[in-house]
Student: 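Below is a structure I'd like to ask you about.
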Amino acid sequence: MNKMTIGGAFSETFAFLKANWMQMLLWVGGALILVGLLGYLLLGSTFSAMAMAPNDPSLVMGAFGRIGLFALIAAVIFYGVSMLIWRGGMHPGDAPNFAWAFQAGPALAFGMIVIMIAAYIVIFIVMLVLTLVFGAALGGMGALSPAALESGGAGAIGGGAIFVMILVYIAIIVFMLWLQGRFMVAGPVMADRLTRNPITGLGESWRLTGPSQWVIVGFYLIFTIGVVAYAFVAGMIFGGILGAIAGGSVVGAMLTMMVMAALVYLPIMMLSFSVPVGVYRAIAPRASGDIFA
């Protein structure tokens, strides 16, 4: 277990991406195409029917069910693909193990969902306690929402209450970043050890990230800001150019979406898949393969 540096994490992340970009391009690109086709098959007719009968509640309920089913299938596909990418990058001599990947990936997704639900319960309890403690100053639970700063509500709440509210929201953001950092390497741990047990990955991730937890938070924050900035700038540039060429036609809109996915979202996804391995290698370099290939 090593003390991580932000520079070391970025170095390992881009080393993994450089060594495995072709494999990642095939897996992630294939997953995007498959999810897109499934989305069209599952949701295309539903949205068309809703457009023709916007006030039909049965169509709305059916749409929610189909969207939920599609989200579940997409999660299984992408988590399974992530396991294939991580295992193949850290152990390049192994053949793709689809049976393991599409069991381990959804297991990890389920584990993370449980953790996120627990985190939101903790946040709710903290917000409730703060409401009870500062209830008189904050004017009730509604004062803990952004709407309290609008329509003159800020003056009614009071400067001290606003300061507490800002601190609460900053603390929530930091808490969620910290939680993501503590469990960031759970997937690479499972891929490295070829295990289907999410408890093993989550527990080992918690142990490995302990000495560098706040450095990981800083790294994750910098990475997130960089990705958002790239997506915003690239989206404006490519979207504007392609939109002008397409001229508002349906075919042009579809081509624009495809090009945007290839030039903007695909690179972001490939980099996002590389980050957990980069952090894993930076804190436990001898736990996985010595060379990315």
Side-chain angles (χ1 to χ4, degrees), residues 4 6-36 39 71 73-90 101-102 104-113 115-116 173 176-192 198 201-202 205 208-209 212 215-235 238 257 260-283 288 292:
M4 193 190 90
I6 292 178
F10 273 112
S11 176
E12 294 287 358
T13 295
F14 284 104
F16 183 83
L17 179 62
K18 179 181 178 181
N20 298 280
W21 69 270
M22 181 62 74
Q23 176 192 16
M24 295 173 68
L25 185 64
L26 293 174
W27 287 123
V28 178
L32 281 174
I33 293 173
L34 179 58
V35 169
I73 294 174
V76 169
I77 292 173
F78 280 113
Y79 270 91
V81 165
S82 68
M83 288 293 176
L84 290 171
I85 290 171
W86 293 332
R87 180 68 186 181
M90 289 187 290
F102 286 96
L108 176 60
F110 177 76
M112 290 302 301
I113 288 173
I115 290 172
M116 288 297 108
I173 293 172
M176 296 304 293
L177 287 172
W178 173 80
L179 197 65
Q180 290 281 349
R182 294 307 303 268
F183 296 109
M184 181 179 289
V185 302
V189 167
M190 293 176 67
D192 196 19
L202 295 170
S205 178
L208 289 172
T209 57
S212 306
V215 179
I216 294 173
V217 170
F219 167 76
Y220 191 63
L221 180 61
I222 294 172
F223 169 77
T224 302
I225 293 173
V227 166
V228 171
Y230 169 77
F232 179 75
V233 174
F238 293 118
M257 292 176 61
M260 288 286 288
L263 296 180
V264 180
Y265 304 117
L266 182 58
I268 290 175
M269 292 185 67
M270 292 171 62
L271 184 58
S272 298
F273 281 131
S274 302
V275 165
V277 179
V279 173
Y280 181 48
R281 287 281 299 174
I283 60 179
S288 55
F292 294 134

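If you read the sequence from its start, that first residue is 1, and numbering goes on from there. Just the heavy atoms: all of them, side chains too, but no hydrogens, waters or symmetry mates, feed the values below.
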Student: Considering only heavy atoms from C-beta outward, does the side chain of V35 approach that of I73 to under 4.5 Å?
Tutor: no
Student: Only counting residues at least two apart or in another chain, list the ones meeting ring pair (Phe, Tyr, Trp, His ring centres under 6.0 Å) with F10.
Tutor: F219
Student: Could you give all pairs that pass the side-chain hydrogen bond (donor to acceptor under 3.5 Å, both in side chains) test and reach residues 176-191, with sequence neighbours left out?
Tutor: W178-Q213, R182-T209, R182-Q213
Student: Closer than 3.5 angstrom, by distance alone: can the side chain of S205 be matched with the main-chain N or O of L202 as a donor-acceptor pair?
Tutor: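 Between the backbone of L202 and the side chain of S205 there is no qualifying donor-acceptor contact (under 3.5 Å).
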Student: Below 4.5 Å, heavy atoms only, C-beta onward: do M270 and L25 meet side chain to side chain?
Tutor: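 A side-chain contact under 4.5 Å exists here.
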Student: Tell me if a side-chain donor or acceptor on W86 pairs with a main-chain N or O of F273 at a distance below 3.5 Å.
Tutor: yes
Student: Counting neighbours of OH on Y230 that are heavy atoms of other residues, nucleotides or ligands and sit closer than 6.0 Å, is the number greater than 12?
Tutor: yes
Student: From L177 CG over to I173 CD1, what is the distance, rounded to the nearest 0.5 angstrom?
Tutor: 7.5 Å
Student: Heavy atoms only: give me the nearest A191-R87 pair and the separation to one decimal.
Tutor: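 Where A191 meets R87 most closely, the heavy atoms are O-NH1, 2.8 Å.
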Student: Does a side-chain heavy-atom distance below 4.5 Å link L179 with M116?
Tutor: yes
Student: To the nearest 0.5 angstrom, please state how far the CG atom of L266 sits from the CG atom of L271.
Tutor: 11.5 Å
Student: How many angstroms lie between atom CE of M190 and atom OH of Y79, to the nearest 0.5 angstrom?
Tutor: 11.0 Å
Student: Using side-chain contact (heavy atoms from CB on, under 4.5 Å), reason through L208 and V189 one step at a time and then give a plain yes or no.
Tutor: CA-CA 10 Å; L208 289 172; V189 167; 4.1 Å; yes
Student: I need the minimum non-hydrogen distance between V279 and M4, along with the two atoms involved.
Tutor: CG1-SD, 3.9 Å
Student: Mind checking whether I85 and F16 have side chains closer than 4.5 Å, heavy atoms only?
Tutor: yes
Student: Got a sec: does the OH of Y220 have more than 12 other heavy atoms crowding it under 6.0 Å?
Tutor: no
Student: Can you give me the closest heavy-atom contact between A231 and I268, atom names plus distance?
Tutor: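 Shortest heavy-atom separation between A231 and I268 comes out as CB-CD1, 3.8 Å.
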Student: Ignoring hydrogens, what is the shortest heavy-atom contact between S212 and I283? Give both atom names and the distance.
Tutor: OG-CG2, 4.2 Å
Student: What residues form a side chain to side chain contact (heavy atoms under 4.5 Å, CB included) with V233, not counting sequence neighbours?
Tutor: I237
Student: Between G218 and I6, which heavy-atom pair has the shortest distance, and what is it?
Tutor: C-CD1, 4.2 Å
Student: Step by step, work out the side-chain contact (heavy atoms from CB on, under 4.5 Å) result for S274 and W21.
Tutor: CA-CA 9 Å; S274 302; W21 69 270; over 6 Å; no
Student: To the nearest 0.5 angstrom, please state how far the CZ atom of F183 sits from the CG atom of L108.
Tutor: 10.5 Å
Student: Which heavy atom of V76 sits nearest to which heavy atom of P106, and what is that distance?
Tutor: CG1-CG, 3.8 Å
